[in-house]
Peer 1: 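Got a structure for you, written out below as structure tokens; questions coming shortly.
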Amino acid sequence: MRKLPLLLILISCSAGWAQVDLSYYFTTPTQFNPAIPTPQSVVGHQVGEWHITHDRLVNYMMALDKASDRITLEVIGQTHEARPLLLLTVTSPKNHQNLESIRAQHALLSDPQKSGSLDLQNMPAVFYIGHSIHGNEASGANAALLTAYYLAAAQGPEIEKYLANTIILFDPSFNPDGLQRFSSWVNARKSMLVNADPNDVEHNEAWPGGRFNHYWFDLNRDWLVAQHPESQARVKKFHAWKPNVLTDHHEMGTNATFFFQPGVPSRMHPLTPEKNLELTKKIGAYHAKALDEIGSLYYTQEGYDDFYYGKGSTFPDVQGAIGILFEQASSRGHAQESVNGILRFPFTIRNQFTTALSTLKAVNEMRVELLEYQRGFYTAASAEAVKDPVKAIVVNAPKDKMKLFHFGEMLARQQIAFYKPSGTQTVSAKNGESESGYMIPLNQPQYRLIKSVFEKRTQFKDSLFYDISSWTLPLAFGIDYEELKVLPALGEKVTELKAPEGKMIGKGDYAYVIEPFGYYVPRATYRLLSKNVRVKVATESFYADGKKFERGSLLISVDHQERLPDQLQVFMKEITEKDGLDVYALSTGLDFQGVSLGSPSFLSLKKPEIAMLVESGISATDAGEIWHVLDTRYQMPVTLLPISVFNTANLNRYTTLIIPEGNYNAISESAKEKLKTWIQNGGVVIGFENAVQWFQSNGLGKFETKKEEEKKEQRAKTYADIDENRGAQETSGAIFEADADLTNPLLYGFSSSKIALFKPNNIFMTKAGGAYANPLTFGNNPLLSGYISKPNYTRLKNSSCVGIAAMGRGRVIGFTENLSFRAFWYGTNKMMMNAIFFGPLLSSEASR
Ligand SMILES: [Zn+2]
């Protein structure tokens, strides 16, 4: 029967706040231990009265840790903005005494060699609860106050039983920097008389909003590749414990209700077992019952999906656990008008709290079933691995050890075991230099995860994707890989990864040369230029000491420098140590096979001064990816230039302007004219995706794109199919192979003329007429992995992915694709860097 908790809401009229007390949330009568502090007694306000700030949330969790013998708190890491990442372990005091042995036993469930003898009847289940990975979906983190209080303070046989049979890993805030940004916004704009008008400033966050982390990344896409400190700390704990259930509390649009998984069954990843869906449904029945009791509307099996393993609710599904997404309609502030009446913040918090408890109940009542499922998952995976004709995968990047190292970091983070083949071993002709690569045997616990990151998939049950349709990681990294049908002898297991160092080769004191292939060549280039060292780039190949140096190699002559030879030598040493690059010290400039070192084919580089447009229509995630790669990887300063400032700013201090994906309606007409003049005088503009179309429509070069085909008379379809057909035309993210002219400076440093590109859009640029104007194009059959509709694929074929326009002394360079996608697309970062360093040198004959 439905209870009537509404009567318990206390409206405190004098202050005008729509305020509630704890009885609003705890709808079942519960005894609480008075020795445990309530949230209000620590944070200074009632739950839901103000948005919890991250620092107050931390204070409360610390207070609980101090007061309760059910809780231990760990700081497992730090965000980019130096906020602590917390993890509370909540269980009975008795389990706390044996925590390490419980953990070790539990971890054996994923080891088919040892899991058979485990006593599941007497083993606790592990339940990971996570909140508000999108910082402006705050009801989760605010509900964390209630759930943590309940777990610490509730009395009685039910909670005692739950704590005895469950290890709860509790993260009050997956994204502290985003939560802090959002809570500051809404709290600072809250009126005494709470304003529910959606137009009120409280409900309209400024760019980039609180959803993202410091570098404007969506952390709920980072679980698999874990490029950020928040994910790295969390994923480490995930693997240490291997939870049975992981919940992920989110928010959605204000007019929605409440969603819990399963998602759309036809959109589940094929590597996830059907049994996962069955168990998710069974757990879903607990949420339904709990929400029925408090009268909240909800839905399930619609809209969201479990395809991309980089999301928090899907990542567990490929590792023997059940991931559950919760989505609560957002008040995005303290109250907001909605089609369902005024949506108040406390109401949203209560639904999150209620489903945290319904999951706890489900985990307990289904404990043995969940443990058996996890054990069975790994046993079945091992059996599949035995049957798999592929026994191992070898990966290598002979010309770029650093990229391979970063790939190895990612494998290690996901507990994928890999080996260094022994020195004399040759695994295949293609990977001749195999001793520098990694060998990944498939028969290991993470078999299914390995399959998911190496597979190429072009067939799909459904044509709708909540997120990207492919993420083949060796393609993203641009490294070689090969499947082996016979398992070779495994070399040494890699247990400790160390960034490779380069070496000084030769003892000459005439000139230094650096090959163009290493990942950190742009960082070395910038460091030298910022120390006033003259650096030239080779636009022809040349030979020295019998070795061929390709175009794009850097030349630093010892003479003709402001710096003394000794200082130069220190800088070169630094490059070998920090950037992992080999530096060749040559004793002569003579070359009769190629060009000599004094040749005019070597062009001088200038230190770039970079600005990037942000705010007012710019895509925050796209801008954030570029900021992140420049700031953290290449260590190159970039001015984040708001469009409103750009409109009036003097651009003369910049050499390079980056325009990320977005819309550019906020750019004023006078700013466009100013931009043209700046380009005429030698400025370089680099634009991505939609920027290419903006160039075309604003007279910044000819960047024509293919129009959608005229709709012919169509076969009649039902009205009900509208959404599905529209969705099927989206290219949500797939991988295509482009053909590259490696002699074009934009492609220097690539060793193969076949380059995998990530495409997240339906922008298809026509090939230009000029003979040199299409350095990177898609051919007739470019799909490597992922989903694209037939009409879009037709347009993609034989299109161009980059265009150059010469305007006076300046250049406009437009890339149709994202070259820095989610920080894990290492393979194409260098194209953007080449545009930055070599853009000013591009011949006008390569113009479109
Ligand atoms: Zn979300």
Peer 1: For residues Val225 and Asp222, report the shortest heavy-atom separation together with the two atoms involved.
Peer 2: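 Heavy-atom minimum between the residues: CG2-OD1, 3.4 Å.
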
Peer 1: Taking all atoms of both residues into account, what is the closest heavy-atom pair of Ala756 and Leu475, and its distance?
Peer 2: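 Closest pair (atom of Ala756, atom of Leu475, distance): CB-O, 3.8 Å.
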
Peer 1: Can you confirm whether the side chains of Glu562 and Asn532 place a donor and an acceptor under 3.5 Å from each other?
Peer 2: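 No donor-acceptor contact under 3.5 Å links the two side chains.
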
Peer 1: Would the distance check show the side chain of Gln232 and the main-chain N or O of Ala226 forming a donor-acceptor pair, the cut-off being under 3.5 Å?
Peer 2: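 Side chain of Gln232 to backbone of Ala226, a donor-acceptor pair under 3.5 Å: yes, one is there.
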
Peer 1: Starting at CZ of Phe517, measure out to NZ of Lys399 and round the result to the nearest 0.5 Å.
Peer 2: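 Result: 4.0 Å between the selected atoms.
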
Peer 1: Treating Gln561 as the side-chain partner and Ser557 as the backbone partner, does any N or O pair qualify as donor plus acceptor under 3.5 Å?
Peer 2: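 The answer is yes, because a donor-acceptor pair under 3.5 Å joins these two groups.
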
Peer 1: Determine whether a donor-acceptor pair (N or O, by modelled atom type, separation under 3.5 Å) exists between the side chain of Asn774 and the backbone of Thr777.
Peer 2: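 No, Asn774 side chain to Thr777 backbone: no donor-acceptor pair under 3.5 Å.
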
Peer 1: Spell out, as yes or no, whether a donor-acceptor pair under 3.5 Å connects the side chain of Lys607 to the backbone of Leu528.
Peer 2: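 No.
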
Peer 1: Using ring-ring contact (aromatic ring centres under 6.0 Å, His included) as the criterion, list what pairs up with Phe815, not counting sequence neighbours.
Peer 2: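 Once residues adjacent in sequence are excluded, the partners of Phe815 under the ring-ring contact (aromatic ring centres under 6.0 Å, His included) criterion are Phe688.
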
Peer 1: Run through Ile836, Val685, Leu613 and flag the one making a side-chain contact (heavy atoms from CB on, under 4.5 Å) with Ile658.
Peer 2: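 Result for side-chain contact (heavy atoms from CB on, under 4.5 Å) with Ile658: Ile836.
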
Peer 1: Write down the atom of Leu224, the atom of Gln414, and the distance for their closest heavy-atom approach.
Peer 2: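 For Leu224 versus Gln414, the nearest heavy atoms are O-NE2, 2.8 Å.
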
Peer 1: Could you check whether Lys674 makes a cation-pi contact with Phe646, meaning its NZ or CZ is under 6.0 Å from the centre of the six-membered ring and within 45° of the ring axis?
Peer 2: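 Yes - Lys674 lies over the ring of Phe646, closer than 6.0 Å to its centre and within 45° of its axis.
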
Peer 1: I need the Thr472 OG1 to Lys456 NZ distance, nearest 0.5 Å.
Peer 2: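 It comes to 7.5 Å.
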
Peer 1: Could you tell me if Lys547 sits above the aromatic ring of Phe549, with its cationic atom closer than 6.0 Å to the ring centre and no more than 45 degrees from the axis?
Peer 2: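 Cation-pi check for Lys547 and Phe549: passes.
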
Peer 1: Could you tell me whether a side-chain N or O of Glu737 sits under 3.5 Å from a main-chain N or O of Pro782, the two making a donor and an acceptor?
Peer 2: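 Flag not set: sc Glu737 to bb Pro782 has no pair under 3.5 Å.
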
Peer 1: I'd like to check Leu742 versus Arg551 (side-chain heavy atoms, cut-off strictly below 4.5 Å). Are they in contact?
Peer 2: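 No, their side chains stay 4.5 Å or more apart.
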
Peer 1: Which residue, Phe217, Tyr634, Phe824, forms the ring pair (Phe, Tyr, Trp, His ring centres under 6.0 Å) with His628?
Peer 2: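 With His628 as partner, Phe217, Tyr634, Phe824 yield a single ring pair (Phe, Tyr, Trp, His ring centres under 6.0 Å), made by Phe217.
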
Peer 1: Nearest heavy-atom pair of Phe602 and Ser596: which atoms, and what distance?
Peer 2: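 Minimum heavy-atom contact is CE1-O, 3.3 Å.
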
Peer 1: Can a donor-acceptor pair be found, under 3.5 Å and without considering hydrogens, that links the side chain of Lys548 to the backbone of Gly594?
Peer 2: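 Checking the backbone N and O of Gly594 against the side chain of Lys548, no donor-acceptor pair under 3.5 Å is found.
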
Peer 1: For the residue pair Leu746 and Leu776, establish whether any side-chain heavy-atom pair is separated by less than 4.5 Å.
Peer 2: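 They are not in contact (no side-chain heavy atoms under 4.5 Å apart), so the answer is no.
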
Peer 1: Just wondering, more than 12 heavy atoms not from Lys672 lying within 6.0 Å of its NZ?
Peer 2: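 Yes, the 6.0 Å shell around NZ holds more than 12 heavy atoms from other groups.
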
Peer 1: Looking only at atom types and distance, does a side-chain atom of Asn698 sit under 3.5 Å from a main-chain N or O of Trp694, one as donor and one as acceptor?
Peer 2: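 A pair under 3.5 Å: yes.
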
Peer 1: Would you mind reporting whether Leu675 and Leu651 have side-chain heavy atoms less than 4.5 Å apart?
Peer 2: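 Yes, side chains in contact.
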
Peer 1: May I ask you to check whether His214 and His228 place their ring centers less than 6.0 Å from one another?
Peer 2: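 Here the rings of His228 and His214 have centres that are no less than 6.0 Å from each other.
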
Peer 1: If you measure from the Lys or Arg side-chain nitrogens to the Asp or Glu carboxylate oxygens, is any gap between Glu817 and Lys759 under 4.0 Å?
Peer 2: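 Yes, Glu817 and Lys759 are salt-bridged.
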
Peer 1: Is it the case that the side chain of Ser752 and the backbone of Lys754 share a donor-acceptor pair, with hydrogens and angles ignored and the cut-off at 3.5 Å?
Peer 2: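 It does hold such a pair.
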
Peer 1: Contact between Ser800 and Phe703 at the side-chain level, heavy atoms closer than 4.5 Å - yes or no?
Peer 2: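 They are not in contact (no side-chain heavy atoms under 4.5 Å apart), so the answer is no.
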
Peer 1: Under 4.5 Å between any side-chain heavy atoms of Phe454 and Val395, yes or no?
Peer 2: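 Answer yes - side chains close enough.
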
Peer 1: Would you please test His80 and Asp177 for side-chain hydrogen bond (donor to acceptor under 3.5 Å, both in side chains) and show each step?
Peer 2: CA-CA 8 Å; His80 287 292; Asp177 294 347; over 6 Å; no

Peer 1: Measure the shortest side-chain to side-chain distance between Pro775 and Leu747 over non-hydrogen atoms and say whether it is less than 4.5 angstrom.
Peer 2: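 Side-chain contact under 4.5 Å: yes.
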
Peer 1: For Tyr512, enumerate each residue passing the ring-ring contact (aromatic ring centres under 6.0 Å, His included) test, keeping only those at least two apart in sequence or located in another chain.
Peer 2: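 Testing Tyr512 for ring-ring contact (aromatic ring centres under 6.0 Å, His included), a comparison that skips the adjacent residues, returns none.
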
Peer 1: Quick one: does Gln567's side chain get under 4.5 Å of Lys531's, heavy atoms only?
Peer 2: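 No, too far: nothing below the 4.5 Å cut-off.
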
Peer 1: Between Ser843 (side chain) and Glu845 (backbone), is there a donor-acceptor pair under 3.5 Å?
Peer 2: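 Yes; at least one donor-acceptor contact below 3.5 Å.
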
Peer 1: For side-chain contact (heavy atoms from CB on, under 4.5 Å), just list the numbers for Leu411 and Val494, CA-CA rounded to whole Å, side-chain angles, deciding distance to a tenth of an Å, and then say yes or no.
Peer 2: CA-CA 10 Å; Leu411 298 176; Val494 180; over 6 Å; no

Peer 1: Between His406 and Tyr520, does the ring centroid distance fall short of 6.0 Å?
Peer 2: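 They qualify: ring centres under 6.0 Å apart.
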
Peer 1: So Trp825 and Phe758, would you call those rings parallel, tilted or perpendicular, with 30° and 60° as cut-offs?
Peer 2: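 Aromatic pair Trp825/Phe758 classed tilted.
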
Peer 1: Do you see a donor-acceptor pair shorter than 3.5 Å between the side chains of Asp741 and Thr743?
Peer 2: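 A donor-acceptor contact under 3.5 Å links the two side chains.
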
Peer 1: So is Arg633 actually on top of Tyr826's ring, under 6.0 Å and inside 45° of the axis?
Peer 2: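 Yes - Arg633 lies over the ring of Tyr826, closer than 6.0 Å to its centre and within 45° of its axis.
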
Peer 1: In Å, rounded to the nearest 0.5 Å, how long is the span from OG1 of Thr705 to CD of Gln696?
Peer 2: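 Rounded to the nearest 0.5 Å, the OG1-CD separation comes out at 7.0 Å.
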
Peer 1: Taking all heavy atoms of Pro522 and all of Lys830, pick out the closest pair and write down the distance.
Peer 2: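 Taking every non-hydrogen atom into account, CD-CE, 4.3 Å.
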
Peer 1: Could you state the interatomic distance from CG (Asn681) to CZ (Arg809), rounded to the nearest 0.5 Å?
Peer 2: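 Going from the CG atom of Asn681 to the CZ atom of Arg809 covers 6.0 Å.
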
Peer 1: Could you walk me through whether Leu657 and Ile679 pass the side-chain contact (heavy atoms from CB on, under 4.5 Å) test, one step at a time?
Peer 2: CA-CA 10 Å; Leu657 178 72; Ile679 300 168; over 6 Å; no

Peer 1: So do Met765 and Ser799 actually touch side chain to side chain, heavy atoms under 4.5 Å?
Peer 2: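 Heavy-atom side-chain distance check fails, nothing below 4.5 Å.
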
Peer 1: Between Tyr664 and Asn690, does any side-chain donor sit less than 3.5 Å from a side-chain acceptor?
Peer 2: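 No, no side-chain donor-acceptor pair sits under 3.5 Å.
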
Peer 1: Taking all heavy atoms of Ser601 and all of Thr539, pick out the closest pair and write down the distance.
Peer 2: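 The answer is O-OG1, 2.6 Å.
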
Peer 1: More than 12 non-hydrogen atoms from neighbouring residues, nucleotides or ligands closer than 6.0 Å to NZ on Lys401, yes or no?
Peer 2: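 Yes - once you tally the heavy atoms of other residues, nucleotides and ligands closer than 6.0 Å, there are more than 12.
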
Peer 1: Using side-chain contact (heavy atoms from CB on, under 4.5 Å), reason through Trp216 and Trp627 one step at a time and then give a plain yes or no.
Peer 2: CA-CA 9 Å; Trp216 314 332; Trp627 177 26; 3.5 Å; yes

Peer 1: Do Arg563 side-chain atoms and Phe571 backbone N/O form a donor-acceptor pair below 3.5 Å?
Peer 2: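 It does not hold such a pair.
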
Peer 1: Do the ring centers of Tyr438 and Phe407 come within less than 6.0 Å of each other?
Peer 2: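 Not close enough - the centres of the two rings lie 6.0 Å or further apart.
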
Peer 1: Starting at CG of Leu554, measure out to NZ of Lys536 and round the result to the nearest 0.5 Å.
Peer 2: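 The NZ atom of Lys536 is 13.0 Å from CG of Leu554, to the nearest 0.5 Å.
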
Peer 1: Could you grab the distance from atom CZ of Phe542 to atom CG of Leu555, nearest 0.5 Å is fine?
Peer 2: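 CG of Leu555 is found 6.5 Å from CZ of Phe542.
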
Peer 1: Is it true that, when you exclude Glu492 itself, more than 12 heavy atoms of the residues, nucleotides or ligands shown sit nearer than 6.0 Å to its CD?
Peer 2: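 Check fails, neighbour count at 12 or below.
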
Peer 1: Please assess Asp591 against Leu597 for the test side-chain contact (heavy atoms from CB on, under 4.5 Å), listing each intermediate value before the final yes or no.
Peer 2: CA-CA 8 Å; Asp591 176 15; Leu597 298 191; over 6 Å; no

